[in-house]
Protein chains: 2
Amino acid sequence: MNIGQASEASGVSAKMIRYYEEIGLIRPAARTGNNYRVYGEAEVHVLRFIKRARSLGFSLEETETLLKLWQDKSRESAAVRRVATAHIGDLERRIAEMQGMVKTLKHLAHCCSGNERPDCPILDDLAGDSSAAGAS
Amino acid sequence: MNIGQASEASGVSAKMIRYYEEIGLIRPAARTGNNYRVYGEAEVHVLRFIKRARSLGFSLEETETLLKLWQDKSRESAAVRRVATAHIGDLERRIAEMQGMVKTLKHLAHCCSGNERPDCPILDDLAGDSSAAGAS
DNA sequence: GTAGGGCTTCCCACCATGGGAAGGTCAAGG
DNA sequence: CCTTGACCTTCCCATGGTGGGAAGCCCTAC
């Protein structure tokens, strides 16, 4: 299987497969005589694992940890769960941060007449005008 | 006022002030004889505006738009609100995406015994094992 | 033989920010 | 007068992931 087929089969772009190899996330692929990378089912399985981990928001570093745990048959599931719960905490922190932004923005947008006149509480807030409507 | 004081007064690092100047987000600061940048209250006000916009999650590009609208006395508040509501939509999309991740992860983490044994539904899910507990 | 598609490596871009080196400038204090 | 330290300047590099594209090799089909 060439890199194109592996990409197709895993959903990871060829570009990214090479990159993952370069940074050591996956082992260097075997090469044919013409220097093409070759992949088998096992490699594609790894790529799909990575793809899925990325789609759950894990960083490449976390993904590497998870990959190693996956391949370590004597792992403790507690270690896996620690990675996952840390990531959950991370996501929740970022979600909360963004929700705070949304809350403020919705309030400001609500207070903004949104017509042809120039006065705008959104800009007032950004400008630090403390008399702006509910600048949280 | 030197760049250090402007940084102090605005909460924007000196590094970023220079960067904002370089990309044209703010006008090039005046210079003293010794080539130091000089700032006044007006410039600090702009920097604080940028700082606040960034803290609400606006990109530098959106911030530039808002900055121009702020400085355009004949703006229509509708234009400002369009930028804000687009950004709200963006944030909400990202929040929803992350919440989906959290939901899946929490379920998997809940199903994981988290002890010293190796079997782990989190890894099963990542590995694409469709018999994994509730792999959404 | 040529055309096309795939593969290779290499460099560049994004977005925003920080780190740090090498060198100029200024004020205070010995 | 000289040193020290705290500023400032420009310049390059790194991050995290991903994509774009060029230049060149390889293979197959026509």
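Each chain gets a letter, A, B and so on, in the order the sequences are listed, and its residues count up from 1.
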| request: Measure from CD on B:E61 to C1' on C:dC15 and round the result to the nearest Å. | output: 11 Å
| task | With the side chain counted from C-beta on, respond yes when B:M98 and A:M98 share a heavy-atom pair under 4.5 Å apart, and no when they do not. | result | yes
| Any B:Q71 side-chain heavy atom under 4.5 Å of B:V46 side chain | yes
| field | Nucleotide nearest B:K15 (side chain, heavy atoms from C-beta), chosen from C:dG18, C:dT8, C:dC26 | value | C:dG18
| remark: B:I50 CD1 to C:dT17 C1', in whole Å, measures 15 Å
| Range on DNA chain D touched by chain B, heavy atoms, distance below 4.0 Å | D:dC7 to D:dT10
| query | Should B:N35 be listed as having a side-chain N or O under 4.0 Å from OP1 or OP2 of C:dG24? | reply | no
| query | Are A:F49 and B:L123 side-chain neighbours, meaning at least one heavy-atom pair lies under 4.5 Å? | reply | yes
| Within a strict 4.5 Å, meaning less than it, do heavy atoms of the A:W70 and A:L66 side chains meet? | no
| message | Please check: side-chain N/O of B:N2 versus main-chain N/O of B:G4, any donor-acceptor pairing under 3.5 Å? | response | no
| request: Check whether any side-chain heavy atom of A:L47 lies under 4.5 Å from a side-chain heavy atom of A:K51, and answer yes or no. | output: no
| field | Upstream residue (5' side of DNA chain D) when A:G33 and B:N34 are each assigned their closest nucleotide | value | B:N34
| field | Separation of C:dG5 P from A:Y36 OH (nearest whole Å) | value | 14 Å
| message | Looking at A:R48 and A:S10, would you say the former's side chain and the latter's main chain have a donor-acceptor pair under 3.5 Å? | response | no
| Do A:E76 and B:R117 have side chains that get closer than 4.5 Å, going by heavy atoms? | no
| task | Please list, by residue number, the residues of residues 17-24 of chain A whose heavy atoms come closer than 4.0 Å to an atom of DNA chain D; answer none if no residue qualifies. | result | A:Y19, A:Y20
| note | Residues B:S77 and A:N115: closest non-hydrogen pair is OG-N, 3.1 Å
| Taking for each residue the nucleotide of DNA chain C bearing the nearest heavy atom, is the 5' side occupied by A:V38 or by B:F58? | A:V38
| note | When rounded to whole Å, the CD to C1' distance for the pair A:E8 and C:dC7 reads 16 Å
